[in-house]
Amino acid sequence: MNREPLIFEISSPTKKGFALPHLDVPENKDALSGLPLRDEIRGFPQVSEIEVVRHFTRLSQANFCIDTTFYPLGSCTMKYNPKVNEKIAALPSFQDGHPQSPPELVQGNLEILKTLEDLLSEITGMDAMTLQPSAGAQGELLGMLLIRAGHEDRGHPRRIVLIPDSAHGTNPSSAHICGYSVQEIKSNERGTIDLASLRQAMTEEVAALMVTNPNTLGVFEDAILEITEIVHAKGGFVYMDGANMNALVGKFRPGDMGIDVIHLNLHKTFSTPHGGGGPGSGPVGVKTHLEPYLPVPIINRSPSGFTLDHDRPKSIGRVRSFFGNFLVVLKALAYIQSLGASGLKEVAEIAVLNANYIRKSLEGVYHLKYDSPTLHECVFSDKLQKERGIQNIDIAKRLIDYGLHPPTMSFPLIVPGALMIEPTETESRRDLDQFIEAMKAIAREAIEKPEILKSAPHVSYVRRLDETSAARRPVLRWGGEPSE
Amino acid sequence: MSFISLSDLDKKEMLARIGVSSPDDFFSGIPERIRMKKELRLPQPLSEPELVGHFGALGRKNKAGDYLSFLGAGAYRHYIPAIVDYLSSRGEFISPYTPYQPEVSQGTLQVVFEYQTLICQLTGMEIANASLYDGASAAAEAVLMAQRIRSRPKILVAGSLHPQYRKVIQTYVKNLPIRIEEISADARGKLDSEALSRAVDGQTSAVVCQSPNFFGVVEDLDRVAEIARERQALSVAIVAEAVSLGLLRPPGASGADIVAGEGQSLGLPVSFGGPYLGFMACRRDFLRQFPGRIAGETQDAEGKRGFVLTFSTREQHIRRERATSNICTNQAWCALRATIFLETLGRQGMRELACQNVQKAGYALERLGAIKGIRRRFSGPIFNEFVLEFEGGYAKIADYLLRNGVIGGQELGSDYPELGSCALFCVTEVHSKEDIDRLAGLIEEAVP
């Protein structure tokens, strides 16, 4: 396959991809005087419009994506993104509204925000919701800030946050920014939180437990009521990472489990497209006792319309400008309104059915470290293949030759050589079967011709890339022409 | 509507293969006490035509689009070439995830690599990351980064930094050993360099200064960097209006150590505040303290060029609580739009665009500044925004403008009590001479 050059390599002087209208105000030569000016931007491309179109069209063809490929990336919930939501988000009435417009001129937007807050509160069983965070990790940060504000208001911020060893890396990182030190809680042999360890660790210096439920193994913390009780008994809060909400949506509500704060990922459970790594959106829901600390502004519904309330003396302030990722929020609302209560319930049921179908079909072929029942995802490992020198990365790269996206491998850390598989509810049986057959074929190849795995992928846009030398000799930009 | 792809027979056979009779069996381990007793109270599901009708009606409740607007203040209206929407809406760009598997993500990764290059060229810096959430959180990440590098407790922030950016910085540092002090503006609207000189000391990690600043005034970043350097503090430049970089001396050339900002101007609609695009660039020797994803060039097994995410040992999935940031998902698709925008406008286009902004805003300032009872509040040079002071206050003028189909400038009193009778106006290339004359005419009618 021909590689697409960098745009800088096809640039030549005087070419243009766009023309501005003629300046219609009298040109004032003095307007630039007093300004520190630069020359034309050195190295900046000069190409025609069709060159830009071909460049990006060809580059797009070098991507796997949900529209073309099964994408079982565990914990990422790569489900189908309904196209009508894109059409709605492209309406000029939503794209052109300036965030500082007088509230009475953007009542439609405020109604959308308030409605989604209400619906997400209902879905999660929480009392109030903010849509300000830009993504899950910012939601986590906000959630922990709310917890800290709650403790400070009671006189003592406390020092420690408890996090299970199966947690996603953003959890400890978010807790750290809030000034907390992280204490890890070991998982038991079932892959869930060990109650004895939790009881021992839970003191009046512990601000919160951060729990992911179902956890990153796909296992539901069935002792969740005992867990929240243990934490609450010592005055702590329970934070839930809602990354795996697709397993529960429409059927179970974190608010009914004693959860005090939760963040959701609209780009996971609520189908907004992942965009190659964002934009996401990470709403945060709280129970009443943490509501005073929510970020400003709060949107109020009144008989005369929607208003903004900035006067919230206990608010933690802002984590982001304006109202968060509004167009993402809009797509999530459209998704919820397409599905309704029964549709959301079906999401969880079929997501779990699909994951268990894969698990059942691959049990014995790949090693399953924890045999507890799982919900929306399952975590196999490369343990059986490792005996022949094959690692999870080799299995992943070989899947590409079968036209499939690999599973997640970077966590959970408690499963060495992890292959975390999350099919989501939108996949057909045909796609699931193709994946299962490919995984079985690869397991056979690992025995019969392991070298084909080691050198995979063979039929992709590029062959296996050397990630080690990328870090050793970093080339982080095109260097044809030095900048100023 | 349902987006499920299993037939009833599929479900039956799959359940049978697993050995359960109903999907409910998968949830049997969940305690009875937390089962919902009734269905969620959500609106009835809508079919696609109903959904389109419903949101069309909601959109029509937004009246702002019928008005001629002069709002800026961190969200800027610029013309977006048709190919930006066309190309960025391809499923191959909008529906993949973070390029964890580089061999099947070369499209996204090469775009990020080009984006990083363009950001370096625009800012005059050596390295750039793959994007952050927005200008405000990018500013906060820059503050955290500067403090990691210098390990001193004090950060000096210009009072003319966007008020929401200052709020977000406050939120991010609240629980860390970092103290923020604000330095006010002088009569020109520029950071008061004498006050800055007095405030920078051996306890200062960084000086944070926005240019063009919140008042639209272009700062003397060379001078700011010089003052910071005298006490080995870092100079952090914030750019909220990225189009200005097409014309103004890049912060890197003025001695900035870190540049962070908002890329919304580069091909993203104002869209009620998001999604936007945080960008960040810095000197190469700060690479290990840099937050966020970074794409780098490497080779494949055949020795050919390819791109990967690199330096992930800085990131949360490896370093956990010792990571340089908690960021995971960023704004990749927004960075894609900025890349298409910048490559389409190109070298001359960016300069012309920036020049038109200066000319149009200059014309508007001249027209409005000549009206009796109105005075330009700050004397410093401007890019595409300026602050006007209204002798009789601004509120009545704003009302008159609204009654006549115009959203005027943003009043400043709530963020700056001393500027209670002032408003911030933004004029870009999307405003015609006629638009500006209409604004001037209405204000002339409205002033007492």
Side-chain angles (χ1 to χ4, degrees), chain A residues 17 24-25 31 34 36 44 46 56 59-60 62-67 88 93 95 97-99 101 105 107-108 134-135 137 169 172-174 176 179 256 273-280 317-318 321-323 325-326 338 340-341 349 352 357 360 428-429 460 462-463 465 470 475 477-478 484, chain B residues 1 5 10 14 23 26 39-40 42 45 55 58-59 61-64 71 87 91-92 94-98 103-104 106-108 117 133 136 164 167 171 175 249 253 269 272-275 296-298 300-301 306 310 316-317 320-321 323 326 328-333 344 347 362-363 381 433:
Chain A
D24 63 351
V25 299
F44 235 55
Q46 300 175 83
F56 285 95
L59 283 177
S60 78
N63 274 354
F64 275 18
C65 67
I66 269 295
D67 285 357
I88 289 167
S93 51
Q95 296 226 327
H98 192 284
S101 304
L105 300 184
Q107 286 291 300
S134 312
S173 181
S174 301
H176 176 77
D256 300 337
H274 285 75
R318 278 183 169 278
S321 56
F322 308 121
F323 306 97
N325 284 341
F326 174 70
S338 298
E349 287 174 354
V352 172
Y357 180 70
K360 183 77 181 177
S428 70
R429 185 171 178 195
S460 48
V462 287
R463 297 289 304 276
L465 288 156
V475 178
R477 52 168 294 186
W478 174 75
E484 287 161 67
Chain B
M1 182 57 192
S5 304
D10 288 334
M14 288 164 69
F26 297 122
E39 209 170 55
L40 292 173
L42 299 179
F55 280 93
L58 279 170
K61 292 186 182 175
N62 291 328
K63 304 295 180 197
L71 292 172
L87 292 169
E92 297 92 331
I94 204 165
S95 79
Y97 200 21
T98 304
E103 292 82 2
V104 292
Q106 284 300 295
T108 296
T117 305
Y133 304 131
Q164 295 196 2
K167 282 206 179 85
T171 309
N175 303 302
R249 189 164 147 80
F272 207 50
E297 186 182 311
T298 189
D300 72 0
T310 192
Q316 43 75 25
H317 63 276
R320 299 177 83 82
E321 67 269 25
N326 73 332
C328 180
T329 285
N330 51 44
Q331 304 282 113
W333 183 76
T344 302
R347 196 184 291 212
Y363 174 74
K433 177 171 180 292

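All heavy atoms count here, side chains included; hydrogens, waters and symmetry mates do not. All figures in this text were calculated on a predicted structure; none of them were measured in a lab.
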Search all heavy atoms of [X] against all heavy atoms of [Y] and return the closest pair with its distance.
X: B:Thr117; Y: A:Trp478; result: OG1-N, 2.8 Å
X: B:Glu92; Y: A:Asn63; result: O-ND2, 3.0 Å
X: B:Gln331; Y: A:Gly280; result: OE1-N, 4.3 Å
X: A:Asp67; Y: B:Ser95; result: N-OG, 3.2 Å
X: A:Pro273; Y: B:Ile94; result: CB-O, 3.2 Å

Hey, which of [options] has the most heavy atom pairs under 4.5 Å with chain B?
options: A:Ala470, A:Pro36, A:Ser60; result: A:Ser60
options: A:Ser134, A:Gly317, A:Gly179; result: A:Ser134
options: A:Gly34, A:Gly278, A:Ala135, A:Ser101; result: A:Gly278
options: A:Gly17, A:Gly108, A:Ser93; result: A:Gly108
options: A:Gly275, A:Ser428, A:Gly340; result: A:Gly275

Let me confirm one number: the [atom1]-[atom2] distance from [X] to [Y], rounded to the nearest 0.5 Å.
X: A:Arg463; Y: B:Glu103; atom1: CZ; atom2: CD; answer: 10.0 Å
X: A:Ile66; Y: B:Tyr97; atom1: CD1; atom2: OH; answer: 12.5 Å
X: A:Leu465; Y: B:Glu297; atom1: CG; atom2: CD; answer: 11.0 Å
X: B:Phe26; Y: A:Glu349; atom1: CZ; atom2: CD; answer: 10.0 Å
X: B:Thr108; Y: A:Phe64; atom1: OG1; atom2: CZ; answer: 12.5 Å
X: A:Gln107; Y: B:Lys63; atom1: CD; atom2: NZ; answer: 10.5 Å

Which bit of [X] is near chain A, if near means a heavy-atom gap under 4.5 Å: side chain, backbone, both or neither?
X: B:Pro381; answer: both
X: B:Phe55; answer: both
X: B:Thr98; answer: both
X: B:Leu87; answer: side chain

**Report entry** Donor-acceptor contact present, side-chain A:Asp24 to main-chain B:Lys433, <3.5 Å
**Finding:**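 Yes.
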Query raised in the report: So, do A:Phe323 and B:Phe272 have ring centers that fall under 6.0 Å from each other?
Result: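 Judged by ring-centre distance (under 6.0 Å), A:Phe323 and B:Phe272 do meet the cut-off.
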Option that, when pairs with chain A are counted at under 4.5 Å, heavy atom only, ranks first among [options]:
options: B:Leu42, B:Leu58, B:Val104; answer: B:Val104
options: B:Pro275, B:Pro23, B:Gly59; answer: B:Pro275
options: B:Asn62, B:Thr298, B:Thr171; answer: B:Asn62
options: B:Ala64, B:Gly296, B:Ala136, B:Gly306; answer: B:Ala64
options: B:Cys328, B:Ala301, B:Gly362; answer: B:Ala301

Query - Note, B:Glu321 side chain near A:Ser173 side chain (heavy atom, < 4.5 Å) - result: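 In short, these two side chains do not touch, never coming nearer than 4.5 Å.
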Query raised in the report: Can you find a pair of side-chain heavy atoms, one from B:Trp333 and one from A:Pro279, that are under 4.5 Å apart?
Result: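 Side chain of B:Trp333 against side chain of A:Pro279, heavy atoms only: contact under 4.5 Å found.
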Report task. For the residue pair A:Ser174 and B:Asn326, confirm or rule out a side-chain donor-acceptor distance under 3.5 Å. Result ->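 Side chains of A:Ser174 and B:Asn326: pair found under 3.5 Å.
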